[in-house]
Amino acid sequence: MATIAAHTGNLEDVPLRLKLRRVERRQKLKAFILVLPLLLFVLTTFVLPIGRMMFNAVHDNTLLKLMPRTMRALDAWDGSDLPGEAVYAALAGDLKESSAQRTASVIGKRINYELPGSLSEVISSARKVSKLSDGPYREALIETSPLWGQHGVWSLLKRGTSAYTGYYLLRSVDYQYSPDSRIVASPPENAIFRDVFLRTLGISIAVSVVTLLLGFPVAYLLATLPRKSSNLLMILVVLPFWTSVLVRTTAWVVLLQQHGVVNDTLMALHVISQPAELIYNRIGTIVAMSHIQLPVTLLPIYSVMKTISPIYVRAARSLGAGPFYAFWKVYFPQTLPGIAAGCLLTFILCLGYYITPALVGGPADQMVSSFVAHYTNEELNWGMASALGAILLTATLLLYYFFNKLVGVDRIKMG
Amino acid sequence: MRMSVLALVGLTAGMLAPPNPAFAEDQLTVTGGGGSFQKVLRKVVFDPFSRASGIKVNEAEYDYGLAKIRAMVETKTVSWDVVYATESGVRQLCAEGTIETLDWKKLGLDPDKFEDANYTECGVPAGGAATIVIYDRDKLSNGPKTIADFFDLKKFPGKRGLYKSPPVEWALIADGVPIKDVYKVLRTPEGVDRAFSKLDTIKKDIIWWTAGAQAPQLLADGQVVMTDSWTTRVYDANKNSGKHFEIMWDAAVLTGNAWVIPKGSSRLDAAYKFLAFAGRPQPQADVANNTASGTGNRDAIALVDPTMLPNLPNAPQHMDRVVLSDSSFWSERGDELRQRFTAWLAK
């Protein structure tokens, strides 16, 4: 009893704290269990595929898988001179097998990425080698194709002995391996990706700015009008929002084309004498994208404005501030969280645009996602597609991070 | 908890699994380039085949790009049983083992009866089409006469339509290379540079199209003053839409087409039956009569309407100035050229 009495002061609060902790733990667990299905869903359908995609950007075992003998033989090669007869014999063995398995074009395609012009050489060597009966292979192979006498192809194959490669990521920022395995700038006729990334950023910024300039006054009007008329206006804003992106983009094609509604009207009014080029270029892209993104920027701004009490501006006016001064110093700062939310949403959505630039833009207006689609669907170069995607994702996350540092995501209000 | 995980895994697996390929033999998926041409195929090939064999034909469309076929075969999710492909595509797919090597005995056809018998290893030739330049006679009374006119912005100001694939043959011919030397020049790096620098001269005035139906549409809308197109589409536009599109035959690029079977099709027997049917003279002549495409089976030409013959791309009066598309060049160098073309476009 004495001991208990001595601890009375503690006994009172220890179980309470424990109890609280237990309750909190139970609540956390409950919350976690509620979240768990979504978490698993996001993991299996989002995080895993994206992780797999990022992995593809650096992982490529084509050569390792299809040329196992050569890869093993190359382990001993020091990389200074052309490799010895043993390596050539291994190559001949691999090519013979690839000819039988019809995988020569896959090997050729992989080599062709880095050494343009090799695809046909590899396929024809595979065909010719399958007729060769016996060695020595070194001279015979160099005779079938000068490719095998080049040092560059051997450094490339040597790099292929590792299942990991930086090739795709380097290509995505306009660098590549030189024949002696150094990292050098891509030749100008292939160096396009830095431009493409800058273009993607530029178009996204332009669209965010345009939607902000157009959306802000409308949002202000909507927030200040009496409910009846603002509801009607609101329908005008959200109706296009509910229409499919494809439909709206195609509508822009009809409007903006050479003999479309806009050009015909301007010509009939004698504003212009020649049809203006409004489509299949940057103008068309930005106009159509801004139209599609407008509600996405406008709605968060509107919902923030809706919560701003008119009392503040009235107070400022009564203290002697002019209408603009009151707006700029009192009202505008309070809308900033909405502006930030709207612009960030629009900007990030724009980074991934594909279908609209494809339909209303020219070839020089295509954004990163169009190249991701091109490499996925047309070239079947999934390493390149993954690398471009990974860079875009990283850039987006970085931008988000800095945005967060600058503005603070906790200040963003979606309404 | 376990239940929801299991349910979730089951749900995702169900969504990701390929559709069940069972109950194979009574239907078949045939893929072509879509549009008016496929409509004719449906009428004169697919439907008669279904009536004769009791096998239902489902249709799919593609843009003649090989990637989708390759991806299907590579991932073993082949849902196209028969594909209408271009000659260079057939050669490429055949060389890499993406499509079935045909057993002509099983087909019951004689390979020697077919035009250009050297690509019959993997495909049943189905006649050819030509890529030609077209213009609207109603809007341009004095149209282009040569392929050099296509590149002449002074003589013919305005936009041009072009199929989104490297049009290097025309660039070289317009630059003065004789037709017979085109592929010889193209096999050199300087030749390729020359073709691209010629294309540079009209780059700003090209609208690139990707689906066969777009070309006549661009022309009809007045978006372009002239465009390349496929002969079959022009015939349809003039016949069925009352257009007055004129074909400029100079340097027409002739390509063969063939029916092929992607490797791993679960309906191989039905696919063979289809190829055997489509290779017969009568269906091939019917296609030619309705689309102005060429014929693959030599016996078919006797069944073609004589008034139709001058419209066919391989009619004798065009032959002295056509470009026979070199499918071995395209299957060897195509990937490289397309890579360069993509980069060139993006600038």
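In the text below, chain A, chain B and the rest are named by the order of the sequence lines, each starting its count at 1. Fair warning: this is a prediction, and the values are worked out from it, not measured in the lab.
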Query - D221(B) side chain near H259(A) side chain, heavy-atom distance below 4.5 Å - result: no
**Report entry** Presence of salt bridge, E277(A) and K159(B), under 4.0 angstrom
**Finding:** yes
Report task. Enter the distance from Y113(A):OH to E336(B):CD here, rounded to the nearest 0.5 Å. Result -> 12.5 Å
Query raised in the report: Just checking heavy atoms, which of residues 185-192 of chain B are less than 4.5 Å from chain A?
Result: none
Requested in this report: Please check if the side chain of R338(B) supplies one atom and the backbone of E379(A) the other of a donor-acceptor pair under 3.5 Å.
Outcome: no
Query raised in the report: Within a reach of under 6.0 Å around NZ of K203(B), are more than 12 heavy atoms found that belong to other residues, nucleotides or ligands?
Result: yes
Report task. Under 4.5 Å, counting heavy-atom pairs only, tell me which of I123(A), V106(A), L380(A) racks up the most with chain B. Result -> L380(A)
Query raised in the report: At what distance, to the nearest 0.5 angstrom, does CG of N381(A) lie from CD of Q339(B)?
Result: 7.5 Å
Query raised in the report: Where does Q92(B) contact chain A at under 4.5 Å (heavy atoms): side chain, backbone, both or neither?
Result: neither
Report summary line: Checking heavy-atom separations under 4.5 Å from chain B, one finds in residues 365-377 of chain A F371(A), H374(A), N377(A)
Query raised in the report: In terms of heavy-atom contacts, does NZ of K164(B) have more than 12 from other residues, nucleotides or ligands at under 6.0 Å?
Result: no
Query - chain B interface, residue from E189(A), R127(A), E378(A), E121(A) that has the most non-hydrogen pairs under 4.5 Å - result: E189(A)
Query raised in the report: What is the minimum heavy-atom distance between A364(A) and K347(B), and which atoms define it?
Result: CB-O, 3.9 Å
Query raised in the report: Which pair of non-hydrogen atoms, one from L345(B) and one from P363(A), has the smallest distance, and what is that distance?
Result: O-CB, 3.4 Å
Query raised in the report: What's the shortest heavy-atom distance between Q258(A) and Q223(B), and which atoms?
Result: N-OE1, 2.7 Å
Report summary line: Within residues 62-72 of chain B, contacts to chain A at heavy-atom distances under 4.5 Å involve A67(B), K68(B), R70(B), A71(B)
Query raised in the report: Looking only at heavy atoms, which of residues 194-201 of chain A get nearer than 4.5 Å to chain B?
Result: R199(A)
